[in-house]
Protein chains: 2
Amino acid sequence: MAKSLADLRCSVARSLDVIGERWTMLVLRDAFNGMTRFEEFAESLPIARNILAARLKTLVDHGVLAREQYQDRPPRYEYRLTRKGADLYPVLIGLFNWGDAYLAGDDGPPLDLTHHKCESPEAHPESVVVCRGCGEHLTPRDVRRSA
Amino acid sequence: MAKSLADLRCSVARSLDVIGERWTMLVLRDAFNGMTRFEEFAESLPIARNILAARLKTLVDHGVLAREQYQDRPPRYEYRLTRKGADLYPVLIGLFNWGDAYLAGDDGPPLDLTHHKCESPEAHPESVVVCRGCGEHLTPRDVRRSA
DNA sequence: CAACTCCGTTGCGAATCGCAACGCACGAGG
DNA sequence: CCTCGTGCGTTGCGATTCGCAACGGAGTTG
(Lines give C-alpha, C1' and ligand atoms only; values in the text may rest on other atoms or scores of the structure.)
Protein backbone atom coordinates (compact mmCIF):
# COMPACT_ATOMS: atom_id res chain seq x y z
CA MET A 1 0.00 0.00 0.00
CA ALA A 2 2.57 2.49 1.08
CA LYS A 3 4.57 2.84 -2.06
CA SER A 4 2.12 3.49 -4.84
CA LEU A 5 -0.05 6.06 -3.11
CA ALA A 6 2.55 8.08 -1.26
CA ASP A 7 4.60 9.17 -4.25
CA LEU A 8 1.70 10.50 -6.31
CA ARG A 9 2.56 14.17 -5.69
CA CYS A 10 -0.93 14.68 -4.40
CA SER A 11 -1.85 15.69 -0.88
CA VAL A 12 -5.05 13.68 -0.99
CA ALA A 13 -3.16 10.55 -1.97
CA ARG A 14 -0.58 11.13 0.75
CA SER A 15 -3.29 11.56 3.35
CA LEU A 16 -4.99 8.39 2.23
CA ASP A 17 -1.72 6.56 2.45
CA VAL A 18 -1.73 7.28 6.18
CA ILE A 19 -5.42 7.08 7.10
CA GLY A 20 -7.00 5.38 4.08
CA GLU A 21 -6.68 1.79 5.14
CA ARG A 22 -9.72 -0.18 6.17
CA TRP A 23 -10.71 0.48 9.83
CA THR A 24 -8.26 3.34 10.32
CA MET A 25 -10.83 6.14 10.31
CA LEU A 26 -13.05 4.12 12.63
CA VAL A 27 -10.21 3.75 15.11
CA LEU A 28 -9.76 7.51 14.92
CA ARG A 29 -13.48 8.04 15.41
CA ASP A 30 -13.19 6.11 18.67
CA ALA A 31 -10.11 8.10 19.59
CA PHE A 32 -12.03 11.36 19.05
CA ASN A 33 -14.67 9.77 21.22
CA GLY A 34 -12.21 9.47 24.09
CA MET A 35 -11.03 5.90 23.80
CA THR A 36 -7.36 5.27 24.46
CA ARG A 37 -6.73 1.58 25.17
CA PHE A 38 -6.32 -1.44 22.96
CA GLU A 39 -9.13 -3.31 24.60
CA GLU A 40 -11.54 -0.40 24.24
CA PHE A 41 -10.97 -0.20 20.51
CA ALA A 42 -11.20 -3.96 20.18
CA GLU A 43 -14.54 -4.07 21.96
CA SER A 44 -15.95 -1.13 20.06
CA LEU A 45 -15.22 -2.46 16.58
CA PRO A 46 -15.54 -5.88 14.96
CA ILE A 47 -11.91 -5.68 13.93
CA ALA A 48 -9.43 -8.52 14.17
CA ARG A 49 -6.89 -7.95 16.92
CA ASN A 50 -3.90 -8.29 14.66
CA ILE A 51 -5.32 -5.70 12.29
CA LEU A 52 -6.04 -3.35 15.19
CA ALA A 53 -2.45 -3.74 16.39
CA ALA A 54 -1.19 -2.99 12.89
CA ARG A 55 -3.42 0.09 12.47
CA LEU A 56 -2.40 1.52 15.84
CA LYS A 57 1.23 0.98 14.95
CA THR A 58 1.05 2.80 11.63
CA LEU A 59 -0.92 5.66 13.21
CA VAL A 60 1.73 5.96 15.91
CA ASP A 61 4.51 5.70 13.32
CA HIS A 62 2.95 8.59 11.41
CA GLY A 63 2.43 10.71 14.51
CA VAL A 64 -1.36 10.67 14.39
CA LEU A 65 -1.57 8.90 17.72
CA ALA A 66 0.93 9.03 20.57
CA ARG A 67 1.66 5.85 22.52
CA GLU A 68 2.20 6.57 26.19
CA GLN A 69 2.90 4.17 29.01
CA TYR A 70 0.43 4.51 31.85
CA GLN A 71 1.73 1.77 34.17
CA ASP A 72 4.69 -0.57 34.72
CA ARG A 73 4.42 -4.23 35.58
CA PRO A 74 3.10 -5.13 33.16
CA PRO A 75 3.83 -2.21 30.85
CA ARG A 76 0.57 -0.88 29.44
CA TYR A 77 0.12 1.86 26.91
CA GLU A 78 -2.58 4.23 25.86
CA TYR A 79 -3.08 5.85 22.50
CA ARG A 80 -3.91 9.54 22.35
CA LEU A 81 -4.60 11.85 19.45
CA THR A 82 -1.77 14.24 18.71
CA ARG A 83 -2.34 17.70 17.27
CA LYS A 84 -1.78 16.13 13.87
CA GLY A 85 -4.46 13.56 14.59
CA ALA A 86 -6.89 16.10 15.99
CA ASP A 87 -6.56 18.09 12.77
CA LEU A 88 -8.38 15.27 11.00
CA TYR A 89 -11.60 16.42 12.64
CA PRO A 90 -13.01 18.05 9.49
CA VAL A 91 -12.52 14.82 7.57
CA LEU A 92 -14.25 12.76 10.24
CA ILE A 93 -17.17 15.17 10.56
CA GLY A 94 -17.41 15.31 6.78
CA LEU A 95 -17.85 11.56 6.61
CA PHE A 96 -20.28 11.74 9.52
CA ASN A 97 -22.42 14.43 7.83
CA TRP A 98 -22.44 12.61 4.51
CA GLY A 99 -23.49 9.33 6.08
CA ASP A 100 -26.22 11.10 8.04
CA ALA A 101 -27.50 12.82 4.93
CA TYR A 102 -27.47 9.93 2.50
CA LEU A 103 -27.03 6.62 4.28
CA ALA A 104 -29.18 6.90 7.38
CA GLY A 105 -31.57 4.05 8.01
CA ASP A 106 -35.29 4.29 8.51
CA ASP A 107 -34.90 5.51 12.05
CA GLY A 108 -32.72 8.49 11.22
CA PRO A 109 -29.05 9.08 11.92
CA PRO A 110 -27.64 6.57 14.38
CA LEU A 111 -25.85 9.11 16.56
CA ASP A 112 -26.52 12.72 17.37
CA LEU A 113 -23.72 15.19 18.05
CA THR A 114 -24.47 18.57 19.61
CA HIS A 115 -22.58 21.80 20.18
CA HIS A 116 -23.24 21.89 23.88
CA LYS A 117 -22.86 25.65 24.39
CA CYS A 118 -25.43 26.44 21.73
CA GLU A 119 -29.14 26.74 22.38
CA SER A 120 -30.31 26.17 18.84
CA PRO A 121 -32.09 22.92 17.99
CA GLU A 122 -29.80 22.79 14.93
CA ALA A 123 -26.64 22.87 17.00
CA HIS A 124 -24.91 20.06 15.18
CA PRO A 125 -21.35 20.06 13.87
CA GLU A 126 -20.99 20.43 10.14
CA SER A 127 -17.92 20.25 7.96
CA VAL A 128 -17.89 22.98 5.32
CA VAL A 129 -15.40 24.36 2.82
CA VAL A 130 -14.59 28.04 3.23
CA CYS A 131 -12.02 30.41 1.76
CA ARG A 132 -9.12 31.04 4.10
CA GLY A 133 -8.83 34.54 2.71
CA CYS A 134 -12.37 35.90 2.68
CA GLY A 135 -14.24 33.29 4.71
CA GLU A 136 -16.83 32.71 2.04
CA HIS A 137 -18.48 29.32 1.66
CA LEU A 138 -17.04 27.58 -1.40
CA THR A 139 -18.31 25.06 -3.91
CA PRO A 140 -16.09 23.14 -6.31
CA ARG A 141 -16.87 25.71 -9.02
CA ASP A 142 -15.44 28.56 -6.98
CA VAL A 143 -12.02 26.93 -6.91
CA ARG A 144 -9.36 26.44 -9.55
CA ARG A 145 -5.80 25.19 -9.68
CA SER A 146 -3.31 28.00 -9.57
CA ALA A 147 0.04 26.25 -9.60
CA MET B 1 -16.10 -5.37 2.56
CA ALA B 2 -19.71 -4.40 2.30
CA LYS B 3 -21.16 -6.44 5.08
CA SER B 4 -19.10 -5.75 8.14
CA LEU B 5 -18.83 -1.96 7.82
CA ALA B 6 -22.30 -1.08 6.61
CA ASP B 7 -24.23 -2.48 9.53
CA LEU B 8 -22.26 -0.79 12.26
CA ARG B 9 -24.99 1.78 13.03
CA CYS B 10 -22.46 4.51 12.46
CA SER B 11 -22.62 7.14 9.76
CA VAL B 12 -18.86 7.24 9.46
CA ALA B 13 -18.70 3.50 8.90
CA ARG B 14 -21.49 3.64 6.35
CA SER B 15 -19.74 6.39 4.45
CA LEU B 16 -16.50 4.47 4.43
CA ASP B 17 -18.33 1.45 3.15
CA VAL B 18 -19.13 3.46 0.02
CA ILE B 19 -16.03 5.60 -0.48
CA GLY B 20 -13.45 3.96 1.78
CA GLU B 21 -11.95 1.49 -0.62
CA ARG B 22 -8.49 1.99 -1.99
CA TRP B 23 -8.43 4.44 -4.95
CA THR B 24 -12.04 5.50 -4.55
CA MET B 25 -11.36 8.97 -3.15
CA LEU B 26 -8.70 9.52 -5.80
CA VAL B 27 -11.18 8.72 -8.54
CA LEU B 28 -13.51 11.24 -6.93
CA ARG B 29 -10.72 13.80 -6.74
CA ASP B 30 -10.33 13.46 -10.50
CA ALA B 31 -14.07 13.71 -10.92
CA PHE B 32 -14.09 16.97 -8.93
CA ASN B 33 -11.29 17.99 -11.21
CA GLY B 34 -13.55 17.63 -14.23
CA MET B 35 -12.65 14.18 -15.51
CA THR B 36 -15.50 12.06 -16.79
CA ARG B 37 -14.19 9.23 -18.96
CA PHE B 38 -12.69 5.86 -18.18
CA GLU B 39 -9.52 6.57 -20.09
CA GLU B 40 -8.97 9.88 -18.32
CA PHE B 41 -9.10 8.25 -14.90
CA ALA B 42 -6.91 5.41 -16.09
CA GLU B 43 -4.23 7.80 -17.36
CA SER B 44 -4.37 10.00 -14.29
CA LEU B 45 -3.88 7.24 -11.73
CA PRO B 46 -1.61 4.19 -11.55
CA ILE B 47 -4.64 2.01 -10.98
CA ALA B 48 -5.27 -1.35 -12.59
CA ARG B 49 -8.05 -1.16 -15.19
CA ASN B 50 -10.12 -3.89 -13.62
CA ILE B 51 -10.02 -2.11 -10.27
CA LEU B 52 -10.99 1.18 -11.91
CA ALA B 53 -13.94 -0.51 -13.57
CA ALA B 54 -14.98 -2.00 -10.23
CA ARG B 55 -14.68 1.34 -8.38
CA LEU B 56 -16.67 3.22 -10.99
CA LYS B 57 -19.35 0.55 -10.81
CA THR B 58 -19.74 0.73 -7.05
CA LEU B 59 -19.78 4.54 -7.15
CA VAL B 60 -22.51 4.43 -9.78
CA ASP B 61 -24.40 1.76 -7.84
CA HIS B 62 -24.38 4.01 -4.79
CA GLY B 63 -25.42 7.09 -6.73
CA VAL B 64 -22.19 9.02 -6.18
CA LEU B 65 -21.47 9.11 -9.90
CA ALA B 66 -24.00 9.02 -12.73
CA ARG B 67 -23.18 7.00 -15.84
CA GLU B 68 -24.47 8.72 -18.95
CA GLN B 69 -24.13 7.65 -22.54
CA TYR B 70 -22.57 10.36 -24.68
CA GLN B 71 -22.49 8.54 -28.02
CA ASP B 72 -23.88 5.49 -29.80
CA ARG B 73 -21.88 3.17 -32.01
CA PRO B 74 -19.96 2.20 -30.01
CA PRO B 75 -21.81 3.09 -26.83
CA ARG B 76 -19.60 5.24 -24.66
CA TYR B 77 -20.35 6.53 -21.22
CA GLU B 78 -19.15 9.30 -19.01
CA TYR B 79 -19.17 9.48 -15.26
CA ARG B 80 -20.38 12.67 -13.59
CA LEU B 81 -20.68 13.61 -9.97
CA THR B 82 -24.22 13.64 -8.68
CA ARG B 83 -25.38 15.98 -5.95
CA LYS B 84 -24.64 13.17 -3.52
CA GLY B 85 -21.11 12.93 -4.88
CA ALA B 86 -20.55 16.67 -4.88
CA ASP B 87 -21.49 16.75 -1.21
CA LEU B 88 -18.29 14.87 -0.47
CA TYR B 89 -16.35 18.07 -1.16
CA PRO B 90 -15.64 18.81 2.52
CA VAL B 91 -14.14 15.36 2.95
CA LEU B 92 -11.92 15.75 -0.09
CA ILE B 93 -10.75 19.23 0.89
CA GLY B 94 -10.19 17.99 4.44
CA LEU B 95 -7.83 15.30 3.17
CA PHE B 96 -6.21 17.84 0.89
CA ASN B 97 -5.62 20.33 3.72
CA TRP B 98 -4.25 17.69 6.04
CA GLY B 99 -1.83 16.37 3.45
CA ASP B 100 -0.69 19.91 2.68
CA ALA B 101 -0.15 20.66 6.34
CA TYR B 102 1.61 17.50 7.43
CA LEU B 103 2.77 15.46 4.47
CA ALA B 104 4.09 18.00 1.98
CA GLY B 105 7.53 17.34 0.59
CA ASP B 106 10.49 19.68 0.68
CA ASP B 107 9.09 21.78 -2.14
CA GLY B 108 5.79 22.58 -0.48
CA PRO B 109 2.33 21.36 -1.32
CA PRO B 110 2.15 19.68 -4.70
CA LEU B 111 -0.92 21.51 -5.93
CA ASP B 112 -2.35 24.93 -5.20
CA LEU B 113 -6.08 25.59 -5.17
CA THR B 114 -7.40 29.14 -5.19
CA HIS B 115 -10.73 30.83 -4.68
CA HIS B 116 -10.66 32.69 -7.95
CA LYS B 117 -13.01 35.52 -7.00
CA CYS B 118 -10.95 36.43 -3.96
CA GLU B 119 -8.05 38.87 -4.00
CA SER B 120 -6.36 37.65 -0.84
CA PRO B 121 -3.04 35.79 -1.12
CA GLU B 122 -4.56 33.32 1.35
CA ALA B 123 -7.52 32.54 -0.89
CA HIS B 124 -7.31 28.77 -0.51
CA PRO B 125 -10.16 26.40 0.27
CA GLU B 126 -10.23 25.05 3.78
CA SER B 127 -12.47 22.44 5.36
CA VAL B 128 -13.61 23.48 8.82
CA VAL B 129 -16.16 22.25 11.35
CA VAL B 130 -18.82 24.77 12.33
CA CYS B 131 -22.05 24.66 14.29
CA ARG B 132 -25.10 24.53 12.06
CA GLY B 133 -27.03 26.49 14.65
CA CYS B 134 -24.72 29.36 15.63
CA GLY B 135 -22.03 29.12 12.96
CA GLU B 136 -19.22 29.02 15.48
CA HIS B 137 -16.01 27.17 14.69
CA LEU B 138 -15.96 23.89 16.64
CA THR B 139 -13.25 21.67 18.09
CA PRO B 140 -13.85 18.11 19.29
CA ARG B 141 -14.21 19.41 22.84
CA ASP B 142 -17.15 21.63 21.92
CA VAL B 143 -19.20 18.63 20.84
CA ARG B 144 -20.87 15.86 22.76
CA ARG B 145 -23.19 13.00 21.99
CA SER B 146 -26.77 13.86 22.68
CA ALA B 147 -28.66 10.73 21.63
C1' DC C 1 -7.70 -4.55 -44.36
C1' DA C 2 -4.38 -3.24 -40.93
C1' DA C 3 -3.75 -0.01 -37.18
C1' DC C 4 -5.59 2.72 -33.62
C1' DT C 5 -8.97 4.33 -29.88
C1' DC C 6 -12.09 3.64 -26.13
C1' DC C 7 -13.75 0.68 -22.61
C1' DG C 8 -13.74 -2.66 -20.26
C1' DT C 9 -13.04 -8.28 -18.90
C1' DT C 10 -10.30 -12.37 -17.79
C1' DG C 11 -6.49 -15.15 -15.64
C1' DC C 12 -3.16 -15.76 -12.47
C1' DG C 13 0.37 -14.92 -8.86
C1' DA C 14 1.03 -11.78 -4.85
C1' DA C 15 -0.41 -9.16 -1.02
C1' DT C 16 -3.80 -8.36 2.54
C1' DC C 17 -7.52 -9.56 5.69
C1' DG C 18 -10.49 -12.19 9.07
C1' DC C 19 -10.77 -15.52 12.45
C1' DA C 20 -9.29 -18.27 16.02
C1' DA C 21 -5.77 -19.81 18.84
C1' DC C 22 -1.75 -18.95 21.41
C1' DG C 23 1.70 -16.33 24.41
C1' DC C 24 3.06 -13.64 28.13
C1' DA C 25 3.13 -10.79 32.20
C1' DC C 26 0.70 -9.82 36.11
C1' DG C 27 -2.94 -9.92 40.06
C1' DA C 28 -6.59 -12.44 42.69
C1' DG C 29 -8.79 -16.52 44.81
C1' DG C 30 -8.67 -20.94 46.83
C1' DC D 1 1.16 -23.68 44.66
C1' DC D 2 -2.38 -23.80 41.13
C1' DT D 3 -5.73 -21.99 38.45
C1' DC D 4 -8.47 -18.24 36.65
C1' DG D 5 -9.02 -13.70 34.73
C1' DT D 6 -7.37 -9.39 32.43
C1' DG D 7 -4.73 -6.57 29.19
C1' DC D 8 -2.16 -6.66 24.99
C1' DG D 9 -0.70 -8.19 21.45
C1' DT D 10 1.44 -12.25 17.86
C1' DT D 11 1.09 -16.31 14.91
C1' DG D 12 -1.01 -19.54 11.45
C1' DC D 13 -3.89 -20.45 7.94
C1' DG D 14 -7.66 -20.16 4.66
C1' DA D 15 -10.34 -16.58 2.04
C1' DT D 16 -10.62 -12.28 -0.23
C1' DT D 17 -8.76 -8.60 -2.86
C1' DC D 18 -5.28 -6.47 -5.72
C1' DG D 19 -1.88 -5.61 -9.51
C1' DC D 20 -0.33 -6.69 -13.87
C1' DA D 21 -0.63 -8.09 -18.40
C1' DA D 22 -3.13 -9.88 -22.01
C1' DC D 23 -7.34 -10.18 -24.58
C1' DG D 24 -11.81 -8.59 -26.84
C1' DG D 25 -15.07 -6.07 -29.34
C1' DA D 26 -17.04 -2.20 -31.63
C1' DG D 27 -16.08 1.38 -34.36
C1' DT D 28 -12.84 4.93 -37.07
C1' DT D 29 -8.91 6.27 -39.84
C1' DG D 30 -5.36 5.58 -43.54
Side-chain angles (χ1 to χ4, degrees), chain A residues 1-8 13 16-28 30-31 34-62 64-80, chain B residues 1-8 10 13 16-28 30-31 34-62 65-80:
Chain A
M1 169 102 175
K3 182 167 159 288
S4 50
L5 282 192
D7 46 356
L8 274 188
L16 290 171
D17 192 50
V18 175
I19 58 149
E21 287 180 302
R22 190 169 154 82
W23 299 113
T24 299
M25 278 306 294
L26 295 176
V27 172
L28 290 176
D30 284 350
M35 295 187 188
T36 62
R37 322 233 292 228
F38 188 93
E39 217 63 22
E40 287 181 291
F41 296 115
E43 280 167 32
S44 165
L45 297 168
I47 181 177
R49 302 175 71 82
N50 53 350
I51 304 300
L52 174 58
R55 293 296 176 274
L56 289 172
K57 180 174 185 332
T58 73
L59 287 173
V60 169
D61 287 349
H62 282 96
V64 175
L65 297 178
R67 183 172 184 261
E68 287 159 20
Q69 188 163 353
Y70 67 90
Q71 71 172 34
D72 306 338
R73 296 199 319 279
R76 288 292 179 265
Y77 302 90
E78 59 186 2
Y79 301 88
R80 300 199 166 279
Chain B
M1 169 106 179
K3 183 168 159 284
S4 50
L5 282 192
D7 46 358
L8 274 187
C10 165
L16 290 171
D17 192 51
V18 176
I19 58 150
E21 288 179 301
R22 191 168 153 84
W23 299 113
T24 298
M25 278 306 294
L26 295 177
V27 172
L28 291 177
D30 284 351
M35 295 186 189
T36 61
R37 321 231 296 228
F38 188 93
E39 218 62 24
E40 288 181 288
F41 295 115
E43 280 168 31
S44 164
L45 297 169
I47 181 178
R49 302 176 72 83
N50 53 350
I51 304 300
L52 174 58
R55 293 296 177 272
L56 289 172
K57 180 174 185 333
T58 73
L59 288 173
V60 169
D61 288 348
H62 282 96
L65 297 178
R67 183 173 183 260
E68 288 160 19
Q69 189 164 350
Y70 66 89
Q71 71 173 31
D72 306 338
R73 297 200 319 278
R76 289 290 179 265
Y77 302 90
E78 58 185 2
Y79 302 88
R80 300 200 166 279

Worksheet item: How close or far is atom P of D/dT6 from atom CD of A/Glu39, stated in whole angstroms?
Response: 10 Å
Fill in: Nearest-0.5 Å distance that lies between atom OH in A/Tyr79 and atom NZ in A/Lys57
10.5 Å
Worksheet item: Quick one: A/Asn50 CG to D/dC8 P, roughly how many Å, whole number?
Response: 16 Å
Worksheet item: Nearest-Å distance, CG (A/Leu52) to P (D/dT11)?
Response: 16 Å
Discussion item. Any base atoms under 4.0 Å from A/Phe41, or only sugar-phosphate, or nothing? Heavy atoms, all strands.
Written reply: nothing
Discussion item. Rounding to an integer number of Å, can you tell me how far A/Leu45 CG sits from C/dC19 P?
Written reply: 12 Å
Fill in: Side-chain donor or acceptor of B/Glu40 paired with backbone N/O of B/Arg37 under 3.5 Å
yes
Fill in: Closest to side chain of B/Arg55, choosing from C/dC7, C/dC19, D/dC18
D/dC18
Practice prompt. Give the rounded distance in Å between these two atoms: CD of B/Glu21 and P of C/dC17.
Written response: 13 Å
Discussion item. Counting only side-chain nitrogens and oxygens, does A/Tyr79 get under 4.0 Å of the OP1 or OP2 atom of D/dG9?
Written reply: yes
Worksheet item: Out of C/dG8, C/dC17, D/dG19, which nucleotide sits closest to the side chain of A/Ile51?
Response: C/dC17
Fill in: Below 4.0 Å: OP1/OP2 of D/dG9 and any side-chain N or O of A/Arg67
yes
Worksheet item: Does a side-chain heavy-atom distance below 4.5 Å link B/Leu59 with B/Leu28?
Response: yes
Worksheet, complete the sentence: Among D/dC8, D/dT10, D/dC18, the one nearest any side-chain atom of A/Arg76 is D/dC8
Worksheet, complete the sentence: Here the distance between atom P of D/dG24 and atom CZ of B/Arg49, to the nearest Å, is 15 Å
Worksheet, complete the sentence: Exactly one candidate in A/Met25, A/His62, A/Arg55 meets side-chain contact (heavy atoms from CB on, under 4.5 Å) with A/Ile19; the answer is A/Met25
Item to complete: Mind grabbing the angle between the end helix axes of the helix from C/dG8-D/dC23 to C/dG30-D/dC1? Five pairs an end, 10° rounding.
Response: 10°
Worksheet, complete the sentence: So OG1 of B/Thr36 and CG of B/Asp30: to nearest 0.5 Å the spacing works out to 11.0 Å
Item to complete: Whole angstrom is fine here: how far is it from NZ in B/Lys57 over to P in C/dC7?
Response: 18 Å
Practice prompt. Would you mind telling me which residue lines up with the more 5' stretch of DNA chain C, A/Ala48 or B/Ala53, judged by nearest nucleotide?
Written response: B/Ala53
Fill in: Pair B/Arg49 + B/Glu39, salt bridge at N-O below 4.0 Å
yes
Fill in: From CZ (A/Phe38) to OH (A/Tyr77), nearest 0.5 Å
14.0 Å
Item to complete: Taking only the side-chain nitrogens and oxygens of A/Trp23, find out if one of them lies under 4.0 Å from OP1 or OP2 of C/dC17.
Response: no
Worksheet entry | Spacing of B/Phe38 atom CZ relative to C/dC7 atom P, expressed in whole Å | 8 Å
Practice prompt. Could you check which of C/dC17, D/dG19, C/dC7 has an atom nearest any side-chain atom of A/Arg22?
Written response: C/dC17
